[in-house]
Amino acid sequence: MRLLLNRMNKKIVAFVGESSFTKEITALIQTLSTNNSSVLLIGERGSGKRLIAQHIHFSIAKSFGYFFEVNCKSFNQNQILEAFDTVNKLIAYKQRITLFVSFVDEMPVILQKTFLDLIKATGQKGMDLKVICSVESSLEEKVNSGKFLPDLYYRLNAIVLNILPLRQRKEDIIPLAESYLQNFAKKSGYKFTSFSEAAKEAMLNHFWLGNADELINSVQRAFIVGQEPVIKAVDLGLESEASVENFSPIETELDDKSLKSAVDLFKKEYVTKILEENGWNQTKTAQILGIQRTYVIRLMNELNIRKK
């Protein structure tokens, strides 16, 4: 098992921005870090849920302890059980733990009971465990269909933060990009110092289907193909994207009126359009979308995108 257990004793990438949403979340993070209330983060993939979880942990005034991440989509049942066992052992040694469970809605029901028992036991014994979970959509549907334990849902649902997608908080785009630029520059040794005005405009006009993850990929790409010290618009790989303003995929009536269904339909038709324009070449499609090729493959599988 790849152990995702980190001693959080170093600075992480800042959760920054100028939007009212980010300012509100930043204030909440300080409050959430002072208690052991469970937190449920809801938002699109790549919208910064893991980063917020890290900042809640990192903002704790006392010892930072350990940040332990369990990904229910990539971990099998034995790995999840092993993770819970490790958390139990560390807590027994009076270590402070932040347990971040991503895609908690994908956790098998049989393990949900184990997870619930862990939360109950640590709460009764007054142990120092902060549980933060993340999902891409509300858990209520899975609770109603019997795929998620109601008792666990109510435990995790103590504090709910709905994370807005990046395209709905444009004031955050440039501060985030500049934060990533500074971070990458320190790590890589490259002497990039700023973005050109054209690059900033390109970022502000981009749809950011992949949210903050896509923005990170674009800045990393610029470090590879750009020339120091200023990142130009062309370096970001956004200029070849088809205009979202002229693309309206939702032209048919949906039986399911939920926002998730509408977003999934948009993603499916938009990604299919870019794939078709590039002869179903996944690498070229990934470059145009500004995301990793593996993410394109994952989208194709999740949205059932097939070459006609």
Side-chain angles (χ1 to χ4, degrees), residues 4 6 8 10-19 21-22 25-26 41 43-55 57-58 67 69 71 73-74 100 102-103 134 136 163-196 199-226 228-241 244 267 271 274 282-283 285-299:
L4 294 180
N6 299 307
M8 299 297 288
K10 59 182 180 180
K11 186 176 181 180
I12 58 176
V13 177
F15 182 71
V16 298
E18 297 297 329
S19 69
F21 165 81
T22 296
I25 291 294
T26 301
L41 305 174
E44 291 181 9
R45 189 166 307 174
S47 55
K49 298 185 290 295
R50 183 176 189 270
L51 184 60
I52 290 173
Q54 287 180 326
H55 272 272
H57 174 86
F58 194 71
F67 182 89
E69 180 178 355
N71 187 317
K73 254 193 174 177
S74 61
F100 175 51
S102 55
F103 300 102
S134 72
E136 293 185 3
I163 315 303
L164 293 179
L166 192 57
R167 58 186 170 275
Q168 291 183 19
R169 44 189 176 98
K170 288 196 171 185
E171 303 95 324
D172 295 347
I173 293 174
I174 303 305
L176 272 172
E178 290 175 341
S179 176
Y180 296 146
L181 182 149
Q182 293 170 12
N183 187 265
F184 296 152
K186 287 179 182 178
K187 289 182 177 180
S188 67
Y190 288 111
K191 302 186 185 303
F192 286 101
T193 59
S194 61
F195 297 94
S196 69
K200 291 180 180 179
E201 184 177 355
M203 287 189 286
L204 289 172
N205 291 331
H206 190 66
F207 186 71
W208 298 115
L209 186 67
N211 290 294
D213 283 357
E214 184 184 355
L215 178 59
I216 292 174
N217 287 339
S218 293
V219 177
Q220 287 179 324
R221 178 189 187 278
F223 267 63
I224 296 171
V225 304
E228 303 164 322
V230 178
I231 290 177
K232 301 178 177 62
V234 68
D235 303 332
L236 295 166
L238 307 178
E239 75 289 346
S240 57
E241 182 191 43
V244 175
K267 287 181 180 179
V271 173
I274 303 303
Q282 295 170 357
T283 300
T285 298
Q287 291 172 347
I288 290 172
L289 293 176
I291 59 180
Q292 298 289 344
R293 178 175 175 272
T294 53
Y295 188 27
V296 172
I297 296 171
R298 190 162 59 191
L299 284 172

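- In this structure, Lys232 has no salt bridge (Lys or Arg N to Asp or Glu O under 4.0 Å) partners at least two apart in sequence or on a different chain.
- In this structure, CD on Gln220 lies 10.0 Å from CG on Leu215, to the nearest 0.5 angstrom.
- With sequence neighbours excluded, the residues that form a side chain to side chain contact (heavy atoms under 4.5 Å, CB included) with Glu18 are Lys23, Glu171, Pro175.
- Pairing each heavy atom of Ser134 with each of Phe100, the nearest pair is OG-CZ, 3.7 Å.
- With Arg169 contributing its side chain and Leu164 its backbone, the two residues share a donor-acceptor pair below 3.5 Å.
- Residues that satisfy the side chain to side chain donor-acceptor pair (under 3.5 Å) test with Asn217, not counting sequence neighbours, are Gln292.
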Before giving the answer on side-chain contact (heavy atoms from CB on, under 4.5 Å), spell out for Ile274 and Val296 the whole-Å C-alpha distance, their side-chain angles and the decisive distance to 0.1 Å. CA-CA 11 Å; Ile274 303 303; Val296 172; over 6 Å; no
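- With sequence neighbours left out, Ile173 forms a side chain to side chain contact (heavy atoms under 4.5 Å, CB included) with Leu166, Lys170, Met203, Leu204, Trp208.
- Contact annotation: the side chain of Phe195 never approaches that of Ile174 to less than 4.5 Å [non-hydrogen atoms, C-beta and beyond].
- With sequence neighbours excluded, the residues forming a side chain to side chain donor-acceptor pair (under 3.5 Å) with Lys73 are Glu302, listed by chain and number.
- Ile163 places none of its side-chain heavy atoms less than 4.5 Å from the side chain of Asn211.
- By the neighbour-count criterion of 12 heavy atoms within 6.0 Å, atom CD of Glu201 is sparsely surrounded, having that number or fewer from other residues, nucleotides or ligands.
- The side chain to side chain contact (heavy atoms under 4.5 Å, CB included) test applied to Ser188 returns Tyr190, Phe223, not counting sequence neighbours.
- Of all non-hydrogen atoms in Arg167 and Glu44, the two that sit nearest each other are NH2-OE2, 2.6 Å.
- In this structure Ala222 satisfies the side chain to side chain contact (heavy atoms under 4.5 Å, CB included) test together with Ile231, Asp235, Leu236, sequence neighbours excluded.
- In this structure, the side chains of Glu69 and Ser102 come closer than 4.5 Å at one or more pairs of heavy atoms.
- Residue Leu289 holds its CG atom at 10.5 Å from CG of Leu238, rounded to the nearest 0.5 Å.
- The backbone N or O of Gly43 lies less than 3.5 Å from a partner atom in the side chain of Lys49, making a donor-acceptor pair.
- Using a 4.5 Å cut-off on side-chain heavy atoms (C-beta onward), Glu178 and Lys200 make contact.
- Atom-to-atom distance recorded for Leu51:CG and Ile25:CD1 is 11.5 Å, nearest 0.5 angstrom.
- Remark: Gln282 engages Arg293 in a side chain to side chain donor-acceptor pair (under 3.5 Å) (not counting sequence neighbours).
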